[in-house]
Protein chains: 2
Amino acid sequence: MKLEKNPMDFSYDTIIRGDCIEELKKFPDNSIDLIFADPPYNMQLENNLYRPNNTKVDGVDDEWDKFASFEEYDNFCTSWLSECKRILKDTGTIWVIGSYHNIFRVGNIMLNLGFWILNDVTWYKTNPMPNFMGTRFTNATETLLWCSGNKKNKKYTFNHKLMKKYNGNKQMTSVWRIGLCIGKERLKGEDGKKSHSTQKPEELLKRVILSTTKQGDIVLDPFFGTGTTGAVAKKLKRRFIGIEKEEKYITLAHNRIDKIDQFYEEADWIEESASLKSQNEQ
Amino acid sequence: MKLEKNPMDFSYDTIIRGDCIEELKKFPDNSIDLIFADPPYNMQLENNLYRPNNTKVDGVDDEWDKFASFEEYDNFCTSWLSECKRILKDTGTIWVIGSYHNIFRVGNIMLNLGFWILNDVTWYKTNPMPNFMGTRFTNATETLLWCSGNKKNKKYTFNHKLMKKYNGNKQMTSVWRIGLCIGKERLKGEDGKKSHSTQKPEELLKRVILSTTKQGDIVLDPFFGTGTTGAVAKKLKRRFIGIEKEEKYITLAHNRIDKIDQFYEEADWIEESASLKSQNEQ
DNA sequence: TATAAAGGTGAATCCGCAC
DNA sequence: AGTGCGGATTCACCTTTAT
């Protein structure tokens, strides 16, 4: 695996250290098969507002500041999403995950930029955190927006038959029942604390990558974190490029992905199995 | 039940015939306990869709669902949502239902207007229409945004214990597994065709009204249609006001609601049952 | 009368190529 | 851009008809 080398050489898996927007600008047009993005959404936690760069916003009680904060978040998302649209192939699609805190702003921006929503997939958590105060319904979901770059792009990759096999011979729906990333899968430091606050379960990325790429395709994750996207891409024989700002996450991701056996065969098992069953049906 | 009389007399259930925005402007500030809104989704359907057996899908082609642009739709929603915010009591909340076609625009507007999202509830359909062409995941959900008018309004009505009982003594989550409105519940004309293209199931409104109102509260539905909100409100001993533009829907709603026994006791059964069990637990 | 088979339907942004 | 046509494509549930 390459680390911070020339990202335009798509022969190798790569992690780029740098600012997401600045790095995305360096990519050529129409060069990426799939984008998976898990952007920050720490907009309004308790009584504090944070900017996308994690600096705190003062004066949260003022309507002006609240709007200013929305505006700043919107500008940030407009920038990175515009670059994503530019570098996506005509056959490519993008996934963006978020919660109710940010997904309505993200979705609105994507529509304004001309993205075409194919599905709003609901990650229905098997083990969500309860609402301890009894003031709301238990928040049991996150939302993934799956979009093509343009309404006219009809030839996007979607492995319908594969996902049908994967789902017990019935069409997979837009509701995915998956547990939180816990246990052995969750990366933890020597102190036993979780290494990253929002590590996603591999099963989620497995469905994303299996359904909307082919083997050998290039998967880009502009908010790479501890590299779940890269780990699953490697297991499924796809290539990946990750962009991440923080050195500590890059180190964790690098170690994690290098451990994965390059002859890991799950991709073939799943896809050949589906292919065979499909043939037998005919 | 009153029909098109003085809507400001909250002693009676009322259906107002008129334009949603114009009628909302007539309401006094801070006067409504709950709003349930099922606005047009702006589906943007273009071509016909055929099933595998070559029959045509009877899609939504109503004039009321057509908007010229995102801007026109946004302006429409900003207007009616602004009035909703004004007339909502400090203890009141609002529900808005939508699909991926419109919910990201609606959610964005609500955030901009200062609404505070309490939950994004997923209506997870037990029997969604499949994706016939195998081009996407089966679209199995609609989304309900449940919001207070302001972040600072902490005293909104939420019947936590009741919903826990209703859900088998476990916290109800933000995912509601409910079937489509079909069979005897679905209003049909003499020709056997559905009377309204988007009638909602009563179970959905039952959860909305049970969870976020008390008996006697005033429930407003600015897009009343065939009156599901009114029917469920009456069964659960809440008062309702509906606004609807089309005479044919008003007639259907009026006949439907007048059939409901005024001594329908489900409200008491449910709520007393929950109350008793709750006491036993302590 | 009961059971089985056949037919209908739901807020849907649902094909791809040749001419 | 529009038209025509070959070919691939569906799940749960309710109603009607057949056995």
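Side-chain atoms are counted along with the backbone in the values below, which use heavy atoms only and exclude waters and symmetry mates. Naming: A, B, ... by sequence-line order, numbering from 1 per chain.
Rounded to whole Å, atom P of dA12(C) lies 11 Å from atom CG of D65(B). L187(B) places its CG atom 13 Å from the P atom of dG10(C), with the value rounded to the nearest Å.
When heavy atoms are screened at a 4.0 angstrom cut-off, N139(B) is found touching the sugar-phosphate backbone but no base atom. Across all strands, K200(B) comes closer than 4.0 Å to base atoms (heavy-atom distances).
Phosphate contact (OP1/OP2 of dC17(C), side-chain N/O of K155(A), threshold under 4.0 Å): present. At least one side-chain nitrogen or oxygen of H160(A) sits closer than 4.0 Å to the OP1 or OP2 atom of dT10(D).
Here dC13(D) is the nucleotide among dC13(D), dC15(C), dA12(C) with the atom lying nearest to any side-chain atom of I182(B).
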Map every base of DNA chain C to its dot-bracket character, where paired means a Watson-Crick or G-U wobble contact with both distances under 3.5 Å and | marks a partner outside the strand. .|||||||||....|||||
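Here Y73(A) and Y41(A) keep their ring centres 6.0 angstrom or further from each other. With ring centers used as reference points, W176(B) lies under 6.0 Å from W95(B).
With a 6.0 Å cutoff to the six-membered ring centre and a 45° limit on the axis angle, R105(A) counts as a cation-pi contact of F70(A).
Checked by atom type, the side-chain pair T14(B)/R239(B) shows no donor-acceptor distance below 3.5 Å.
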